[in-house]
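All remarks here apply to the structure that follows.
Since this is a predicted model, take the numbers as computed values, not measurements.
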Amino acid sequence: MDLVFSSREETSRRLARLDEITAKFGNPFFITKFEKTHSAENIKKEFSALNPGETSGKSVSVAGRIMSIRNNGMFIDILDDSGRLQIFHNIKTLDVARADLLKLLDLGDIIGVSGLVRRTPRGEITVDAESLTILSKAVEPPPAKFHGLKDIEFRFRHREQDLAVTEKTRNTLRKRYQMISYIRRYLEDSGFLEVETPMMHTIAGGTIAKPFLTHHEALDMTLYMRIAPELFLKRLAIGGISEKIFEINRCFRNEGLSPKHNPEFTSIEIYQCYVDFTSMIELTEQIVSHVAMKLNGTMKLPFGDKEIDFTPPWPRKGMTELIREVTKLDLDKFPNADDALREAKKIGVLLEDGLCWGQIVEAVFGKKVEHTLIQPTHVIDLPKEISPLAKAWPDRPNVAQRFETYINGWELANAFSELNDPREQKARFLEQAEQKRGPDDPPHPIDADFIRALAFGMPPMGGLGIGIDRLAMLMTDSPTIRDVIAFPTMRPIVGKEAAED
RNA sequence: GACCUCGUAGCUCAGCUGGUAGAGCAUCUGACUUUUAAUCAGGGGGUCGCGGGUUCAAAUCCCGCCGAGGUCACCA
């Protein structure tokens, strides 16, 4: 049995047609180029003035995938990256060779066509083919002719087929990549320098998350796929490479999958010297509202049955203040962890013993408040205990100069006035290492290199991280993160042979 | 990792309390020829996710496994 090609009759028939095409017209896979003069969209624009039944005198060359064949090949719809276009083969003017080739075409094949543009009596802009070239043979047929694919698993495992037949997939993924491009251009125009930092770390730092492990053979050492780029970005800023830097790249976290979590995801982190976290609030609003306008032309976007209004400014509310509004519980009145734990239990948030006050606040917020924050909201005044890389307020030593932006109940952004006191940073790391975490989690390692870098003198600065995938979900009305990731993480299908081993 | 739901033709889906495996599209053959998901007639295509069990009889009931979706936990 062939492990690659399907054993379907359809496939052997297509392979036979490929052999016949090769014998009569040459091997299509030897072709290396085809000169396109127009895209489907260009033609529709350029010849929009043609009246029904009118033919232009202009010849064009187009290419794309065959999506539909009607009337025995008289009408063929091709799809290129701009859209669909109808090709016409007049049975009366066909030469024998072209008629022969036409019979050997299948849905999914890639063809190139040259001919005059006209508008048919029915009103469709059409290319009257004068020459036809098959540029690639689809040996396996496309899965669906009109309505796109519905099987979620099939779509993610075979994204190329999903893209070819599902318009919504094409639009969503294009918007995602355009969005990243708009963000990049916006920041570059604002004087930011895009930088790169390591994807493989010897210490998984910058946040708390379970890392993926890998191994370097030559150095015989464990490396961690990065969980955040933060510490390296700060080191670039310390060196003074630029006072405004950003990185758009992948992070990896060895944790559960969900509609808003994929093991690898894309974040942008931005650092700007000589500003505080309030400037990062403004930057967050600027970036998000900019891409909303660029991509959709409006600040009010539908998401499922909701409408989200991205028009800035967005309200800023304290974390304990929000908990009080939703649950009536004022955790600021219970600054002792044991008391806070007891009060949390009273409103139905059951937590294990040993958590610090900040972790309790965070947990209550997560359980009771998070899902209520549908419209964009900046949550400020986060506990210092859960913000080891943020400056605290001089007059409120337990409160970090930090915010998290919530939209549609999700954390979208996280930012602070970056801590730049090396002694304080060391103390915070030591404190963090003491904090209770999951039963199987190893103690959090301390990145001494980073503290030494701070000791070299880091200017005061604001830092910001935004979840790119989640922002793409919001911009494209996508209910799951896998819709906006071209190839989301999937379990492989174990073949029969492997199962028998 | 736990729980719930799902897995039937290439695709989208029917298939009731167990009784010979179905439709539309795709595909093939023929007809027709300025169509728009072309139309008309006919044909082929199935280990009903995989394995076991109950039964005279299993797509259907039971158990295990694989895969997926959802919820929870962890987290962004």
Side-chain angles (χ1 to χ4, degrees), chain A residues 6-14 17 52-53 67-77 84-92 106-108 118-126 128 138 140-158 161-162 165-166 206-211 227-228 251-267 269 350 352 362-363 366-367 370 404-407 409-414 437-441 465-471 473 479-482 488 490-496 498-500:
Chain A
S6 78
S7 53
R8 288 154 54 191
E9 267 178 51
E10 169 84 16
T11 300
S12 28
R13 189 185 59 72
R14 282 170 178 250
R17 282 186 174 178
M67 300 304 283
S68 171
I69 301 176
R70 296 182 296 279
N71 294 33
N72 295 337
M74 182 180 273
F75 294 96
I76 293 176
D77 286 353
R84 273 186 180 244
L85 182 68
Q86 181 168 272
I87 307 297
F88 178 76
H89 289 275
N90 192 330
I91 213 162
K92 288 161 193 143
D106 287 300
L107 291 186
R118 80 176 154 107
R119 191 185 290 279
T120 64
R122 302 288 183 103
E124 187 78 21
I125 289 288
T126 300
D128 281 348
E140 300 282 356
K145 189 178 167 189
F146 7 95
H147 33 56
L149 283 168
K150 287 202 172 154
D151 186 282
I152 290 170
E153 182 178 351
F154 186 96
R155 287 181 44 218
F156 294 157
R157 286 193 195 280
H158 307 281
Q161 297 190 45
D162 184 30
V165 302
T166 314
T207 184
I208 295 178
K210 196 179 286 181
I227 54 175
C251 292
F252 308 87
R253 298 192 186 170
N254 204 343
E255 284 155 0
L257 288 74
S258 90
K260 33 176 196 167
H261 298 91
N262 196 64
E264 55 177 308
F265 64 100
T266 302
S267 73
E269 288 206 4
L350 300 176
E352 52 193 319
E362 186 181 31
K367 285 273 191 302
E370 206 173 276
E404 290 181 331
T405 304
Y406 284 82
I407 304 179
W410 313 329
E411 184 192 332
L412 182 80
N414 178 21
R437 299 174 54 214
D440 301 326
D441 294 336
I466 299 175
I468 291 293
D469 310 283
R470 290 180 181 180
L471 187 56
M473 290 167 72
T480 111
I481 197 168
R482 317 179 111 199
M490 305 285 284
R491 269 200 171 91
I493 292 191
V494 179
K496 222 174 185 175
E500 282 164 2

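Contact check, A:K145 against B:rA26: a side-chain N or O comes under 4.0 Å of OP1 or OP2. Residue A:T207 has a polar side-chain atom (N or O) positioned under 4.0 Å from OP1 or OP2 of B:rA76. Regarding contacts with the backbone of B:rG67, a side-chain N or O of A:R491 is found under 4.0 angstrom from either OP1 or OP2. Distances shown here put every side-chain N or O of A:K150 at or beyond 4.0 Å from the OP1 or OP2 atom of B:rG7. Contact between the side-chain N/O atoms of A:R13 and the OP1/OP2 oxygens of B:rU27 is not found at any separation under 4.0 Å. Remark: A:R155 is not in phosphate contact with B:rC11, judged by side-chain N or O atoms under 4.0 Å from OP1 or OP2.
Of the possible polar contacts, one joining the A:R470 side chain to the A:E411 backbone as a donor-acceptor pair under 3.5 Å is found. Remark: side-chain polar atoms of A:E255 are paired, donor with acceptor, to backbone N or O of A:K210 under 3.5 angstrom. At least one donor-acceptor pair closer than 3.5 Å links the side chain of A:D469 to the backbone N or O of A:T266. A donor-acceptor contact shorter than 3.5 Å links the side chain of A:T166 to the backbone of A:L149. In this structure, the side chain of A:R253 engages the main chain of A:I227 through a donor-acceptor pair within 3.5 Å.
The side chain of A:R70 has B:rA38 as its nearest neighbour among B:rU27, B:rA76, B:rA38. Each of B:rG70, B:rG10, B:rU34 was ranked by its minimum atom distance to the side chain of A:T480; first place goes to B:rG70. For A:P259, the side-chain atoms get nearest to B:rG70 when compared with the rest of B:rU34, B:rU36, B:rG70. Taking the side chain of A:L149 as heavy atoms from C-beta on, and the options B:rU12, B:rU36, B:rC74, the nearest nucleotide is B:rU12. Among the nucleotides B:rU34, B:rA26, B:rU36, the one closest to any side-chain atom of A:Q86 is B:rU36. Between B:rU36, B:rU33, B:rU12, one nucleotide has an atom nearer to the side chain of A:N71 than all others, and that is B:rU33. Proximity note for A:A144 (side chain, C-beta onward) versus B:rC32, B:rU27, B:rC11: the nearest is B:rC11. Among the nucleotides B:rA38, B:rU36, B:rC11, the one closest to any side-chain atom of A:T120 is B:rU36. If you check B:rU34, B:rA76, B:rA38 against the side chain of A:S68, the one that comes closest is B:rA38.
Among the heavy atoms of the strands lying under 4.0 Å from A:L107 are primed sugar atoms or P, OP1, OP2 only; no base atom is included. No engagement by A:R84 is indicated, since no non-hydrogen atom pair under 4.0 Å with the nucleic acid exists. The residue A:R253 sits close to a base: some heavy atom pair falls under 4.0 Å. Residue A:G467 is classed as having no contact, given no heavy-atom separation below 4.0 Å to the nucleic acid. Using a 4.0 Å heavy-atom distance criterion, A:D128 is classed as making no nucleic acid contact. When heavy atoms are screened at a 4.0 angstrom cut-off, A:E10 is found touching the sugar-phosphate backbone but no base atom. Using a 4.0 Å heavy-atom distance criterion, A:K367 is classed as a sugar-phosphate-only contact. Among the atoms of the strands shown, none is found under 4.0 Å from any heavy atom of A:D469.
Within the shown strands, nothing qualifies as a pairing partner of B:rU34 under the Watson-Crick or G-U definition with both distances less than 3.5 Å. Figure legend. B:rC11 is base-paired to B:rG24; pairs are counted as Watson-Crick or G-U wobble with both atom distances under 3.5 Å. Across all strands shown, B:rC6 forms a Watson-Crick or G-U wobble pair with B:rG67, both key distances being under 3.5 Å. Across all strands shown, B:rA59 forms no Watson-Crick or G-U wobble pair with both distances under 3.5 Å.
The same atom, P, is picked in B:rA38 and in B:rU71; the two are 38 Å apart, to the nearest Å. Using atom C1' as the reference point in both B:rA9 and B:rA21, the two lie 10 Å apart (nearest Å). Using atom P as the reference point in both B:rG46 and B:rU5, the two lie 32 Å apart (nearest Å). Spacing of C1' atoms, B:rG44 relative to B:rU33, comes out at 26 Å, to the nearest Å. Taking atom C1' in both B:rU27 and B:rG10, one finds a spacing of 9 Å when rounded to whole Å. Across the C1' atoms, B:rG19 and B:rA59 are found 13 Å apart, a figure rounded to whole Å. Annotation: B:rG53 and B:rG45 have their P atoms spaced 30 Å apart (nearest Å). B:rA57 and B:rA31 are spaced 50 Å apart, taking the P atom of each and rounding to whole Å.
Regarding A:I69, its CD1 atom lies at a distance of 15 Å from the C1' atom of B:rU36, rounded to whole Å. Taking atom NZ of A:K92 as the reference point, atom P of B:rU34 lies 7 Å away to the nearest angstrom. Distance A:N262 CG to B:rA68 P: 13 Å, rounded to the nearest Å. In this structure, A:E153 places its CD atom 16 Å from C1' of B:rU12, rounding to the nearest Å. Between the CZ atom of A:R118 and the P atom of B:rU36 there is a distance of 14 Å, rounded to whole Å.
Atoms CD1 and CZ, from A:I468 and A:F265 in turn, are 11.0 Å apart once rounded to the nearest 0.5 Å.
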Salt bridge (Lys or Arg N to Asp or Glu O under 4.0 Å) between A:E9 and A:R13, worked out: CA-CA 6 Å; A:E9 267 178 51; A:R13 189 185 59 72; over 6 Å; no
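Looking at A:R118 and A:T120, their side chains never bring a donor and an acceptor atom within 3.5 Å of each other.
Per the stacking criterion (ring centres < 5.5 Å, plane angle < 30°), A:F75 does not stack onto the base of B:rA38.
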